[in-house]
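Here is the structure we will look at.
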Amino acid sequence: MDENTIINEATRDFICRHGDDDVRQLALRGTRDAAVDLPLALDQIAGRQAARRKLPSWAAVEGIVYPPHLSMEQCSSEPTALYKQAIARRRSGKQTFVDLTGGFGVDFAFMACGFSEAVYVERQEKLCAIARHNFTLLGLTQAEVVCAEAEDYLQQMEPVDLVFIDPARRDLHGGRTYALSDCTPDVLQLLGELLSKARSVLLKLSPMLDWRKAVADIGQPYVSEVHIVSVRNECKELLLLVEPTPTPDPSSREGRLVCVNDSVVFEVPLVSISHPSNTTPLPWGGVGGGFLYEPNASIMKAGCFAEVAQRYGVSPLAPNSHLYVADRAVEHFPGRTFRITAVSTLNKRDLKTHLCGLTQANITVRNFPLSVAELRRRLKLSEGGSTYIFATTLASGEKVLLLCSRD
């Protein structure tokens, strides 16, 4: 099936003429040409515009067909797809790969590159048709497209090296679901058969999911790796690598937790953070001139705060503030670094002293009774500028404002 079968000539011409136009305005204006499939054209225009930001290597390929909005919204971005590609390439065997929840096929296309045989499974025939067309353009000659339910294909599937599964996280009414058991297909029900058919299973889960609960639901001995993936400090994906238990001692598998934000990687043994923990907060006197450290989104999601403190020699301000201080600059800290210029309490005299002449600031609240908007109104500060204010609570219970500059 080629592009002409999916998109007729009139629709393709409409797409070419309006490729950079506002999709909402196009939808309102419509078209007088009855041969134009307007919903399809709008999907293509919106998809190509999104791909320029989300999938630049695909946007550069002439003739790629894009899916309806929901599938485009749910597909991986290029950085996260490349990350999964790297995981796939490390798996033993590297011969056979199956994606049981193909969707638009972005993850499949990137991960399949390292395998001699790759099967894309998708229950929607329309998406299968798009995948067949796109995989040909992308040079994936080893790709086989199968229209089937994941559960049905799994039952008849021969053993493979790697299975990828990205269960749908929306209910019948379109609302988001986050519990592992509420996703479709139900990974927990399929787990036994998955592990009997695959050397490794890579699960892509919602970043909103509690990774500890997901590991517990699957069974910690089966989980060899947990990856929390952020792009530009926004948590995007939770990935679990699941493998059959080793023998004869299942407890010998330690596993690892990997926190990734762009090119910054922080890795710890999985068993070391099975339960949230914190080092003893610093009995800090609030003297300016030191450094403040804010961990990135993946570490915040992981909750490995004690491990960060120990590895980088920084001290937490309080158990629930998730901010660190040190009297020196720390190289390669996985997050943002600030120089503390002043520390203020919330009494009027302190505020007048430390905020004198300040009209704008970037405000963050951590373990603090006011929201950013409430504090901004109280301090009469607009957003922006070169001053950063962290409103937080010290181990003593005192509420303070840490005035900082970027180091």
State, with a plain yes or no, whether a side-chain heavy atom of Leu241 is found less than 4.5 Å away from one of Val223.
no

Would you confirm whether Tyr120, through its side chain, and Gly103, through its main-chain N or O, come within 3.5 Å as a donor-acceptor pair?
yes

Ignoring hydrogens and geometry, is there a side-chain-to-backbone donor-acceptor pair from Thr31 to Asp33 under 3.5 Å?
yes

Step-by-step side-chain contact (heavy atoms from CB on, under 4.5 Å) determination, Leu191 to Val242:
CA-CA 9 Å; Leu191 186 60; Val242 183; 4.1 Å; yes

Heavy-atom pair of closest approach, residues Ser77 and Leu55:
C-CD2, 4.1 Å

Evaluation steps, ring-ring contact (aromatic ring centres under 6.0 Å, His included), between Phe164 and Phe108:
CA-CA 8 Å; Phe164 175 69; Phe108 172 86; 9.6 Å; no

Okay, side chain of Arg212, backbone of Ala302: is any donor-acceptor separation there less than 3.5 Å?
yes

Any donor and acceptor pair, going by atom type alone, linking the side chain of Lys197 with main-chain N or O of Leu154 inside 3.5 Å?
yes

Side chains of Thr341 and Ser405: is there a donor and an acceptor less than 3.5 Å apart?
no

Close aromatic pair by centroid cut-off 6.0 Å: Tyr312 and His332
no

Short question: side chain of Tyr324, backbone of Phe305 - any donor-acceptor pair under 3.5 Å?
yes

What about Phe115 and Phe97, are their ring centers closer than 6.0 Å?
yes

Of all the heavy-atom pairs spanning Tyr293 and Ala326, show the shortest one and how long it is.
CE1-CB, 3.9 Å

Using the ring of each side chain (for Trp, its six-membered ring), is Trp58 parallel, tilted or perpendicular to Phe104, with breaks at 30° and 60°?
perpendicular

Within-4.5 Å side-chain heavy-atom neighbours: Pro79 and Val231:
yes

Minimum heavy-atom separation for Glu225 and Arg90, please, with both atom names.
OE1-NH2, 3.3 Å

When you measure from the side chain of Asn261 to the backbone N and O of Val229, does any donor-acceptor pair fall under 3.5 Å?
no

Closest approach of His354 and Ala342, non-hydrogen atoms and distance?
ND1-CB, 3.6 Å

Under a 3.5 Å cutoff, is there a donor and acceptor pairing between the side chains of Gln95 and Ser116?
yes

What distance do Leu355 atom CG and Leu401 atom CG have between them, rounded to the nearest 0.5 Å?
7.0 Å

Polar side chain donor-acceptor pair, Glu237 to Ser76, under 3.5 angstrom
yes

Rounded to the nearest 0.5 Å, how far apart are CG of Leu162 and CG of Asp99?
9.5 Å

Ile130 versus Cys128: any side-chain heavy-atom pair under 4.5 Å?
no

Yes or no on side-chain contact (heavy atoms from CB on, under 4.5 Å) for Lys301 and Ser298, after CA distance, side-chain angles and deciding distance?
CA-CA 5 Å; Lys301 173 68 179 177; Ser298 287; 5.6 Å; no

Tell me, with the steps shown, if Arg366 and Glu294 meet salt bridge (charged side-chain N to carboxylate O under 4.0 Å, His left out).
CA-CA 10 Å; Arg366 290 280 176 80; Glu294 179 191 35; 2.9 Å; yes

Answer yes or no: is there a side-chain heavy-atom contact under 4.5 Å between Phe291 and Thr337?
yes

Does any part of the side chain of Ile389, heavy atoms only, come nearer than 4.5 Å to the side chain of Thr364, both counted from C-beta?
no

Is it true that a side-chain atom of Thr96 and a backbone atom of Asp161 form a donor plus acceptor pair closer than 3.5 Å?
yes

Asn233 side chain to Asn296 main-chain N or O, any donor-acceptor pair under 3.5 Å?
no

Working to the nearest 0.5 angstrom, can you tell me the gap between Leu240 CG and Leu202 CG?
8.5 Å

A side-chain contact here means heavy atoms from C-beta on lying under 4.5 Å apart; do Asn362 and Thr387 qualify?
no

No-hydrogen, no-angle side-chain donor-acceptor test under 3.5 Å, Glu78 and Ser57
yes

Tell me whether the count of non-hydrogen atoms from other residues, nucleotides or ligands lying under 6.0 Å of CD in Gln156 goes above 12.
yes

Could you pull out the closest heavy-atom pair between Val187 and Pro167, with the gap in Å?
CG2-CG, 4.0 Å

Could you tell me whether the side chains of Glu243 and Ser200 share a donor-acceptor contact shorter than 3.5 Å?
yes

Go through Arg123 and Cys147 one step at a time and tell me if the side-chain contact (heavy atoms from CB on, under 4.5 Å) criterion holds.
CA-CA 5 Å; Arg123 61 183 179 177; Cys147 186; 5.8 Å; no

Would you kindly check if the NZ (Lys) or CZ (Arg) of Arg406 is within the cone defined by 45 degrees around the ring axis of Phe338 and under 6.0 Å from the six-membered ring centre?
yes

Taken to the nearest 0.5 Å, the spacing of Ile363 CD1 from Phe368 CZ works out to 9.5 Å

With heavy-atom distances below 4.5 Å as the criterion, would you say the side chains of Phe14 and Asp37 are in contact?
no

With a 4.0 Å cut-off, would you call Arg378 and Glu374 a salt bridge?
no

Salt bridge (charged side-chain N to carboxylate O under 4.0 Å, His left out) assessment of Glu122 paired with Arg132
CA-CA 11 Å; Glu122 169 56 50; Arg132 291 187 188 97; over 6 Å; no

Glu307 and Arg311: CA distance, side-chain angles, deciding distance, salt bridge (charged side-chain N to carboxylate O under 4.0 Å, His left out) verdict
CA-CA 6 Å; Glu307 292 74 17; Arg311 183 170 303 180; over 6 Å; no

Interatomic spacing from CD in Gln360 to CG in Leu379 - rounded to 0.5 Å
13.5 Å

Basic-acidic side-chain contact under 4.0 Å: Asp13, Arg17:
no

Is it the case that more than 12 heavy atoms not belonging to Arg232 sit under 6.0 Å from its CZ atom?
no

Distance, nearest 0.5 Å, that separates CG of Asp22 from CD of Gln49
7.5 Å

Taking side chain as C-beta onward, heavy atoms only, is Leu180 less than 4.5 Å from Leu188?
yes

Donor-acceptor under 3.5 Å (Glu144 side chain, Val119 main chain):
no

For the pair His227 and Arg256, evaluate side-chain contact (heavy atoms from CB on, under 4.5 Å) and give the outcome as yes or no after the intermediate values.
CA-CA 8 Å; His227 297 258; Arg256 63 193 186 117; 4.3 Å; yes

When you measure from the side chain of Lys380 to the backbone of Arg376, do you find a donor-acceptor pair of N or O atoms at a distance under 3.5 Å?
no

Minimum heavy-atom separation for His133 and Gly63, please, with both atom names.
NE2-O, 2.7 Å

Compute whether any side-chain donor of one residue and acceptor of the other, for Thr345 and Asp350, lie under 3.5 angstrom apart.
yes

